[in-house]
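Below you'll find the structure, written out as structure tokens, and then a few comments.
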Amino acid sequence: MTTAPIPPAPSADLPRLARETTAERPWPLRLLSTKISEYVDKMTGVWVEGQVVQFNRRPGSGMQYLTLRDTDEDMSMSVSVFTRELAAIEARTGAQLAEGTRVVVHAKPRFWTRRGSLDLRADDIRPVGVGDLLARIEQLRRVLAAEGLFDAERKQRLPFLPRKVGLVCGRNAKAKDDVLVNARLRWPGLPFQIHEVAVQGSAAVREVVAAIAELDANPAVDVIVVTRGGGAVEDLLPFSDEGLVRAAARCRTPLVSAIGHETDCPLLDLVADYRASTPTDAARRIVPDLAEEMERLDSARERIRAVLTARIDAEQHGLDQVRARPVMTNPAVMVRDRCAELGQARERLRHALTNSVALAEAQLAAEQARLTALSPQGVLNRGYAILRLPNGKVIKSAADVKKGDLIEGMLASGRLVAQVVGATKPRT
């Protein structure tokens, strides 16, 4: 099913403002282009900054054309300038405009209605000096430092021996060979994942950031090295770009920066987990030296062997001393001595028990004699008798009985019954 096209509205009935347009009352494309042109024409001249990425001089032409690219984003715009004005600008600044130059341009935006394109008509172009660039980098350094991106606490330790090294370098660059050759001299067969990118110019930031992100996403890569050889300050500018520095700070894999020479210090060096002074220094830092590690291993093995030998010798010496004792040469001596000691102890115990029993018997006999002497039976044995009434009461006095009473007499052997025939009253 197809939709019938909506017929355009008559010119006299066109909406005045864009917000008043509808599907039934649209603007013709030419009107939109005219409106945009009118709006752009109202703009005043503006200073913009960028990098010249395309510039071919046209001898004999009254107009020169160049392409200006944003230093951080992948966008560009055409710029035109009168040849005589460009010549005056170059004479005044003493610098020739060329591709790769960072410039600030004073220009008036123009919108071409038929092409629907926007460009700039420049009347002043000024190259950005090294001093200005360094001042901007210093300002950015202070901002990033205040955010804590350079703090030592956030830096990661490099692995002792990475499984794979990610290398971001220039295409066919000597810095790449410096890292590869020196790293594999130290540890032969070390695997690398290499990303060759632009390390200067307008595409450098974008390509380096993409390479770091791809390597960081690979779990097999244990360390990332970003390297390039030395160069002028302008050549190293991409490695002080805010976007690249923040991408390095987000990297979860330990990152080594080996940019330029020892005197060069782009901002990437400050945010990296390790700053190598040269690509060769980076190679020495990311992997240990196999020969040195083997030497350390041999030394450790010798120390262990020496310690074990000394321990075994000491234990053997102690064992020899134990075996040299008389008891070890004739074990029966120990049994014999213990038997003699046991016999002596048995005799002492027997003698002590005999003495204790004899003493106890003597004490028992003495106690028995005293008991016999003090008992009523002893008195009876000496010829005395105990007299008792029939009720068992012992008679102690003649007054306790009367004539005719029956009394019982207890003798030393047996007893008797008698009758009282008379009693003498005790004297008072």
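When reading the values below, keep in mind they use all heavy atoms of this one structure, side chains included, and skip hydrogens, waters and symmetry mates. Quantities reported herein were computed from a predicted structural model and do not represent experimental measurements.
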message = Between Asp298 and Arg301, is the salt bridge (charged side-chain N to carboxylate O under 4.0 Å, His left out) condition met? List the steps.
response = CA-CA 5 Å; Asp298 292 340; Arg301 188 182 294 113; 2.7 Å; yes
request  = Step by step, work out the side-chain hydrogen bond (donor to acceptor under 3.5 Å, both in side chains) result for Gln96 and Arg57.
outcome  = CA-CA 11 Å; Gln96 292 289 316; Arg57 293 183 182 271; 3.1 Å; yes
message = Set out, in order, the CA-CA distance, both residues' side-chain angles and the distance that settles side-chain contact (heavy atoms from CB on, under 4.5 Å) for Ile286 and Val256, then state yes or no.
response = CA-CA 8 Å; Ile286 59 176; Val256 176; 4.0 Å; yes
inquiry  = Run Leu68 and Val48 through side-chain contact (heavy atoms from CB on, under 4.5 Å) and show every step you take.
reply    = CA-CA 10 Å; Leu68 194 65; Val48 295; 4.1 Å; yes
Glu49 vs Val103, side-chain contact (heavy atoms from CB on, under 4.5 Å): CA-CA, chis, key distance, verdict = CA-CA 6 Å; Glu49 181 183 6; Val103 295; over 6 Å; no
request  = Go through Asn182 and Asp281 one step at a time and tell me if the side-chain contact (heavy atoms from CB on, under 4.5 Å) criterion holds.
outcome  = CA-CA 9 Å; Asn182 285 282; Asp281 179 47; over 6 Å; no
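For Ile224 against Cys251, the heavy-atom pair with the smallest separation is CD1-SG, 3.7 Å. Closest approach of Arg157 to Pro254, counting heavy atoms only: O-CG, 3.7 Å. The two residues Lys176 and Ile194 have their closest heavy-atom pair at CD-CG2, 4.0 Å. Heavy atoms only, all atoms of each residue included: Val394 and Asp400 are closest at O-OD2, 4.4 Å. The nearest pair of heavy atoms linking Arg25 to Glu20 is NH1-O, 4.4 Å. Of all heavy-atom pairs spanning Ala204 and Val199, the tightest one is CB-C, 3.8 Å.
For the residue pair Ser80 and Arg121, a side-chain donor N or O sits within less than 3.5 Å of a side-chain acceptor on the partner. Judged by distance alone, the side chains of Ser299 and Arg303 do bring a donor and an acceptor atom under 3.5 Å apart. Checked by atom type, the side-chain pair Arg228/Gln200 shows a donor-acceptor distance below 3.5 Å. Checked by atom type, the side-chain pair Asp320/Gln316 shows a donor-acceptor distance below 3.5 Å. For the residue pair Gln321/His317, the side-chain donor-acceptor check at 3.5 Å is satisfied. A side-chain donor from one of Asp119 and Trp112 sits under 3.5 Å from a side-chain acceptor of the other.
Between Asp241 and Val245 there is no side-chain heavy-atom pair separated by less than 4.5 Å. At a threshold of 4.5 Å between non-hydrogen side-chain atoms, the residues Leu244 and Leu268 count as touching. The shortest side-chain heavy-atom distance between Val179 and Cys169 does not fall under the 4.5 Å cut-off. Considering only heavy atoms from C-beta on, Met77 comes within 4.5 Å of Leu118 through its side chain. Annotation: side chain of Val223 is in contact with side chain of Pro162 (closest heavy-atom distance under 4.5 Å). Taking the side chain as every heavy atom from C-beta outward, Val168 and Thr227 never approach each other to under 4.5 Å. By the 4.5 Å heavy-atom criterion applied to side chains, Tyr65 and Ser78 are not counted as neighbours. No side-chain heavy atom of Arg336 sits under 4.5 Å from any side-chain heavy atom of Glu341.
Atoms CG and CD, on Leu297 and Glu302 in that order, are 10.5 Å from each other to the nearest 0.5 Å. Annotation: the span from Glu242 atom CD to Leu267 atom CG amounts to 9.5 Å, rounded to 0.5 Å. Note that the CD1 atom of Ile89 and the CZ atom of Arg126 stand 9.0 Å from one another [nearest 0.5 Å]. Atoms OG1 and CG, from Thr21 and Leu32 in turn, are 9.5 Å apart once rounded to the nearest 0.5 Å. Here the CG-CG distance, from Leu190 to Leu290, works out to 11.5 Å after rounding to the nearest 0.5 Å. To the nearest 0.5 angstrom, Ile212 atom CD1 is 12.5 Å from Glu207 atom CD.
Remark: Met43 CE is loosely packed, at most 12 non-hydrogen atoms of other residues, nucleotides or ligands lying under 6.0 Å away. No more than 12 heavy atoms of other residues, nucleotides or ligands sit less than 6.0 Å from atom CZ of Arg311. Around atom CD of Glu147, more than 12 heavy atoms belonging to other residues, nucleotides or ligands sit under 6.0 Å away. At most 12 non-hydrogen atoms from other residues, nucleotides or ligands lie less than 6.0 angstrom from CZ of Arg252.
Side-chain N or O atoms of Lys108 include none that pairs as donor or acceptor with a backbone N or O of Val46 at under 3.5 Å. Proximity of a side-chain donor or acceptor of Thr354 to a complementary backbone N or O of Arg350 within less than 3.5 Å is detected. Of the possible polar contacts, one joining the Thr83 side chain to the Ser61 backbone as a donor-acceptor pair under 3.5 Å is found. Here the side chain of Asp216 pairs a donor or acceptor atom with the backbone of Thr253 at under 3.5 angstrom. At least one donor-acceptor pair closer than 3.5 Å links the side chain of Asp273 to the backbone N or O of Gln156. For the pair Ser240 (side chain) and Leu237 (backbone), a donor-acceptor distance under 3.5 Å is absent. At least one donor-acceptor pair under 3.5 Å links the side chain of Arg186 to the backbone N or O of Arg284. No side-chain donor-acceptor contact under 3.5 Å links Ser37 to the backbone of Ser33. With Arg275 contributing its side chain and Ala258 its backbone, the two residues share no donor-acceptor pair below 3.5 Å. Judged purely by atom type and a 3.5 angstrom limit, Asp222 uses its side chain to pair as donor or acceptor with the backbone of Arg163.
In this structure, Arg285 satisfies the cation-pi test against Tyr274, with its NZ or CZ atom closer than 6.0 Å to the six-membered ring centre and inside 45 degrees of the ring normal. In this structure, Arg184 fails the cation-pi test against Phe192, since its NZ or CZ atom is not both closer than 6.0 Å to the six-membered ring centre and inside 45 degrees of the ring normal.
In summary, Arg154 and Asp151 do not engage in a salt bridge, as defined by a charged side-chain N under 4.0 Å from a carboxylate O.
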